[in-house]
**Student:** 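Before anything else, here's the structure in question.
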Amino acid sequence: MPELPEVEVTRRQLEPLLVGRRILAVTATAASRFFLTPPASVRRRLPGRRILGLDRIGKHLLVRLDSGDRLLLHLGMTGQIFGAGAASVRLMSSTAGASLSPERQTGGFAGDRHTHLRLRFEDGGPDVLFRDVRRFGRVQLLRPGEPPERLAQLGPDALEVRAGPLAAAVRRRAAAIKAVLLDQSVLAGVGNIYADEALFLSGIRPARRARSLDAAECRRLAGALRRVLRRAIATGGSSISDFVRPDGTDGAYQDERHVYGRTGEPCRRCRTPIRRLVIGGRSSHFCPRCQR
DNA sequence: CACTTCCCCTGCAAGC
DNA sequence: TGCTTGCAGGGGAAGT
């Protein structure tokens, strides 16, 4: 699900649910790729810690703890973080959803086999759960001063992208502009949906070689990226297959999409059918008439 | 290096 | 109805 806007929406809703609370106990599923730090270690080191803040870096969430440790969370494709009292947590597995629905209605979602991390708090308030069906998400507990390698390699946050630096990065790359936008070391936070949408808004085809973009196109692209990301945050993100906000409600940006997932449907500007092609193993959507 | 492909997982929808 | 195939918003490893 989650690209920068969805992660930022999650951060904003989660912050009041986390900050100031002291962790009482942690439950976690068995060791797997999901846990970059072994779950036994996470269970041992978190209890007793108070949460000081919640930051977003690209598509990562960073929970700051009073011990100086930081809990790094990544939602992958299907990650959901929410309070146990979320009004209507929409679950991906229909079978699990059906069997759990009475509990969800009473605000007591007990977790299921896809719930990999659960925090309980000393104040007895709602638990916070991290659920991820496909397990492409990640959990890592960083010690004070421990360099988080995965963060160090990130480019500037896409919300703040400027035309100049974008042009400089793009000029050196022979790959398709779409692939370059997805490269987190160039720009942190852009994913498949918003790359396609920003390319549409700036009139650039996704398969164009990055270094073929001129200065005006880089300016339009930087502006389109900022605009589409800000608008997506304002509308609560895109809920296309399984993104739900921590409060259990859907975002609304999917209703404003121009190209993503609209293959064969008429362009909203010129009525030409939207085309799809695969770039760097990811589907890309564009209007052959509005985009050059 | 830069670039591409494969693969990790599970669930769903479409086609037969 | 049941089986198979393709597809999914991320990203790291391994290949060329």
**Student:** How long is the line joining CG of A:D132 and C1' of B:dC9, in whole Å?
**Tutor:**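 For the pair A:D132 CG and B:dC9 C1', the rounded distance is 9 Å.
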**Student:** Just to confirm, is there a sub-4.0 Å distance from OP1 or OP2 of B:dC9 to any side-chain nitrogen or oxygen of A:H114?
**Tutor:** no
**Student:** Write down the distance between CG (A:L61) and C1' (C:dG10), rounded to a whole number of angstrom.
**Tutor:**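 Spelled out: CG on A:L61 to C1' on C:dG10 is 14 Å.
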**Student:** Using whole Å, report how far NZ of A:K59 lies from P of C:dG10.
**Tutor:**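 That distance rounds to 4 Å.
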**Student:** Quick one: does A:E197's side chain have a donor or acceptor within less than 3.5 Å of a partner on A:V259's backbone?
**Tutor:** yes
**Student:** Measure CZ/A:F34 against C1'/C:dG12 and give the value in whole Å, please.
**Tutor:** 16 Å
**Student:** Would you mind telling me which of C:dG10, C:dA8, B:dC9 lies closest to the side-chain atoms of A:E3?
**Tutor:** C:dG10
**Student:** My understanding is that only one of A:F82, A:F34, A:F35 makes a ring-ring contact (aromatic ring centres under 6.0 Å, His included) with A:F130; could you say which?
**Tutor:**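 Filter result, single survivor: A:F34.
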**Student:** OP1 or OP2 of C:dG11 versus the side-chain N and O atoms of A:H74: is any pair under 4.0 Å?
**Tutor:** yes
**Student:** Classify the nucleic acid contact of A:R138 as base, sugar-phosphate or nothing, counting any heavy atom under 4.0 Å across all strands shown.
**Tutor:** nothing
**Student:** Nearest whole Å is fine: how far is C:dG10 C1' from A:Q80 CD?
**Tutor:** 16 Å
**Student:** May I have the distance from A:R33 (atom CZ) to B:dT10 (atom C1'), rounded to whole angstrom?
**Tutor:** 14 Å
**Student:** Please report the distance, rounded to the nearest Å, between CZ in A:R135 and C1' in B:dC7.
**Tutor:**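 Distance check: A:R135 CZ to B:dC7 C1' gives 14 Å.
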**Student:** To the side chain of A:A175, which of C:dG11, B:dC3, C:dC7 is closest?
**Tutor:**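 Minimum distance to the A:A175 side chain belongs to B:dC3.
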**Student:** Counting the atoms with a prime plus P, OP1 and OP2 as sugar-phosphate, which does A:G191 contact under 4.0 Å by heavy atoms, base, sugar-phosphate, or nothing?
**Tutor:** sugar-phosphate
**Student:** Do A:D196 and A:H285 meet the criterion of a side-chain donor-acceptor pair at a distance under 3.5 Å?
**Tutor:** yes
**Student:** Taking 4.0 Å as the cut-off, does a side-chain nitrogen or oxygen of A:T78 come that near to OP1 or OP2 on B:dG11?
**Tutor:** no
**Student:** For DNA chain B, which residues of residues 155-172 of chain A approach it to below 4.0 angstrom with any heavy atom?
**Tutor:** none
**Student:** So that I can tick it off, tell me whether A:R11 and A:D55 are bridged by a salt bridge, with the cut-off set at under 4.0 angstrom between side-chain N and carboxylate O.
**Tutor:** no
**Student:** When you measure only distances, ignoring hydrogens and angles, does the side chain of A:R134 come within 3.5 Å of the base of B:dC9 through a donor and an acceptor?
**Tutor:** yes
**Student:** In terms of relative ring orientation, are A:H74 and A:H60 parallel, tilted or perpendicular, with 30° and 60° separating the classes?
**Tutor:**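 Rings of A:H74 and A:H60: perpendicular, over 60°.
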**Student:** Establish, from distance only, whether the side-chain atoms of A:Y194 and A:S238 form a donor-acceptor pair under 3.5 Å.
**Tutor:**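 There is such a pair (donor and acceptor under 3.5 Å, judged by atom type) between the side chains of A:Y194 and A:S238.
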**Student:** Can you tell me how far C1' of C:dA13 sits from CD of A:Q184, to the nearest Å?
**Tutor:** 17 Å
**Student:** When all nucleic acid strands are considered with a 4.0 Å heavy-atom cut-off, which category describes A:R209: base, sugar-phosphate, or nothing?
**Tutor:** nothing
**Student:** So what does A:R113 touch, heavy atoms closer than 4.0 Å: a base, only the sugar-phosphate, or nothing?
**Tutor:**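 Sugar-phosphate, no base atom in range.
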**Student:** When you measure from the side chain of A:R173, which nucleotide among C:dA8, C:dG12, B:dC3 comes out closest?
**Tutor:**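 Closest nucleotide to the A:R173 side chain: B:dC3.
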**Student:** Measuring from the side chain of A:F136 (C-beta onward, heavy atoms only), which nucleotide among B:dT10, C:dG10, C:dA8 has the closest atom?
**Tutor:** C:dG10
**Student:** Taking any strand in view, what nucleotide pairs with C:dA14 in a Watson-Crick or G-U wobble way, both distances under 3.5 Å?
**Tutor:** B:dT4
**Student:** Contact class for A:A174 vs. all strands (heavy atom < 4.0 Å): base, sugar-phosphate, or nothing?
**Tutor:**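 If one applies the 4.0 Å heavy-atom cut-off, A:A174 turns out to touch the sugar-phosphate alone, with no base involved.
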**Student:** Under the 3.5 angstrom rule, does the side chain of A:T235 hit a backbone N or O of A:R231 as a donor-acceptor pair?
**Tutor:**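 Such a contact is found between A:T235 side chain and A:R231 backbone.
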**Student:** Do A:R21 and A:F121 meet the cation-pi criteria used here (NZ or CZ under 6.0 Å from the six-membered ring centre, within 45° of the axis)?
**Tutor:** yes
